[in-house]
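These numbers come from a predicted model, not from an experiment. Here is how names work: the chains are called A, B, and so on, in the same order as the sequence lines, proteins then strands, and each is numbered from 1. We use all heavy atoms of the structure for the numbers below, so side chains are in, but hydrogens, waters and symmetry mates are not.
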There are 2 protein chains.
Amino acid sequence: MITALPSPTDHRQDVCCQSISVAPPVDESRDFARKLKALSDPTRLQLLHLIAAHPGGSACICHLTEPLGVTQPTVSHHMRLLAESGFVTREQRGKWAFYTIRPGALKDLGEYLIDLSRLHG
Amino acid sequence: MITALPSPTDHRQDVCCQSISVAPPVDESRDFARKLKALSDPTRLQLLHLIAAHPGGSACICHLTEPLGVTQPTVSHHMRLLAESGFVTREQRGKWAFYTIRPGALKDLGEYLIDLSRLHG
DNA sequence: TCCTCGCATAGACGATCATCTATCAGACTC
DNA sequence: GAGTCTGATAGATGATCGTCTATGCGAGGA
């Protein structure tokens, strides 16, 4: 809803700009914010890079700890967050846990940001 | 560097997957993580939506407080974070502070995520 | 020059987070 | 079945975060 629409010839000083009261998409914002938060840590981004560099975008945890210089429980914690947010899937193969990138989740989030950059009224 | 390359006919049980020790881009990850963190809050996403809905992607703070149900200092705090991360620019017009979306910043981040989704080896 | 208005800053507080050490659970080997 | 290995979980701790109230500061208007 537009409550004020100052034109270039409007000399009133108590009007700053159009007031647009369109309610922002609260639930959607909350959902995307949660996903963005899951990616907002350098260790998790590096984990995704490492996994993505493996054939098929799939890697086992045992090869993710040493290159990052953090402990195994820390990697496990981060992988859980990434899995809960839908960026990877977990699969047990024998004694090893494999995590696989879900490209669609990253792509969807990227497109959300690009759409937001194009939203101009 | 690849240290183990089990083929489908490799029956050794103590090999789980290729170990790829390519050092992840630490500085780049830290930078993108900082930007993602700036967007990882529902209030900030709604602020960006609100500003983007204004003509020219530009709005003054006075119209951003009420629709979001938070106090003015809280909006000011969030806008500072968004400005420091490069997603908006600030401009003083008379007594009003205008914030303008920087579409390129959102677009770059979106493309980073889409590239990451395509990284598969 | 004082007053008002718009917005930033300061400081506090409770919640969340990233990381660690210690431990547990499940799967394989001998 | 005992021992080993992989990875998850529990709990603690220090840091960061989101929000608030109170206050300061600069720009206009009277």
Dump the pairs, protein N or O against N or O of nucleotides 1-6 of chain C, anything under 3.5 Å, distances to one decimal.
none

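- With sequence neighbours excluded, the residues forming a salt bridge (Lys or Arg N to Asp or Glu O under 4.0 Å) with A/Arg93 are A/Glu91, listed by chain and number.
- Atom CZ in A/Arg34 sits roughly 20 Å away from atom P in D/dC17 (whole-Å rounding).
- Atom CE in B/Met79 sits roughly 14 Å away from atom P in D/dT19 (whole-Å rounding).
- Between its two ends, the helix from C/dT1-D/dA30 to C/dC30-D/dG1 turns its axis by 20°, counting five pairs per end and rounding to 10 degrees.
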For nucleotides 18-20 of chain C, print each protein N/O atom paired with a nucleotide N/O atom at under 3.5 Å, atom names and distance only.
unit_1 : atom_1 : unit_2  : atom_2 : d
C/dA18 : OP1    : A/Arg44 : NH1    : 3.4
C/dA18 : OP1    : A/Arg44 : NH2    : 2.7
C/dT19 : OP1    : A/Thr43 : OG1    : 3.3
C/dT19 : OP2    : A/His78 : NE2    : 2.1
C/dC20 : OP2    : A/Thr71 : N      : 3.1
C/dC20 : OP2    : A/Thr71 : OG1    : 3.0
C/dC20 : OP2    : A/Thr74 : OG1    : 2.7

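- Rounded to a whole Å, the CG atom of A/Leu36 is 13 Å from the P atom of D/dG18.
- In this entry the distance linking CG of B/Leu39 with P of D/dG18 reads 12 Å, nearest Å.
- For A/Ser76 (side chain) and A/Gln72 (main-chain N/O), no donor-acceptor pair under 3.5 Å exists by modelled atom type.
- In this structure A/Asp115 satisfies the side-chain hydrogen bond (donor to acceptor under 3.5 Å, both in side chains) test with no other residue, sequence neighbours excluded.
- With sequence neighbours excluded, the residues that form a side-chain hydrogen bond (donor to acceptor under 3.5 Å, both in side chains) with A/Thr71 are A/Thr74.
- Residues meeting the side chain to side chain contact (heavy atoms under 4.5 Å, CB included) test with A/Ser40, sequence neighbours left out: A/Lys37, B/Leu36, B/Lys37, B/Ser40.
- At a threshold of 4.0 angstrom between heavy atoms, the contacts of A/Arg93 with the nucleic acid are absent.
- Taking for each of B/Gln92 and A/Val75 the nucleotide of DNA chain D with the nearest heavy atom, the 5'-most of the two is the partner of A/Val75.
- Shown here are the side-chain hydrogen bond (donor to acceptor under 3.5 Å, both in side chains) partners of A/Arg34, two or more places apart in sequence or in another chain: A/Asp31.
- Applying the salt bridge (Lys or Arg N to Asp or Glu O under 4.0 Å) criterion to B/Asp108, with sequence neighbours excluded, gives no partner residue.
- For A/Glu111, the salt bridge (Lys or Arg N to Asp or Glu O under 4.0 Å) partners at least two apart in sequence or on another chain are A/Lys107.
- Neither OP1 nor OP2 of D/dG7 sits under 4.0 Å from any side-chain N or O of A/Arg80.
- Atom CZ of A/Arg90 and atom C1' of D/dT9 are 12 Å apart (whole Å).
- Heavy atoms of A/Tyr99 sit under 4.0 angstrom from primed sugar atoms or phosphate atoms, though from no base atom.
- With sequence neighbours left out, the salt bridge (Lys or Arg N to Asp or Glu O under 4.0 Å) criterion links B/Glu84 to B/Arg80.
- The closest side-chain heavy-atom distance from A/Leu82 to A/Ile51 is not below 4.5 Å.
- With sequence neighbours excluded, the residues that form a side chain to side chain contact (heavy atoms under 4.5 Å, CB included) with B/His77 are B/Leu81.
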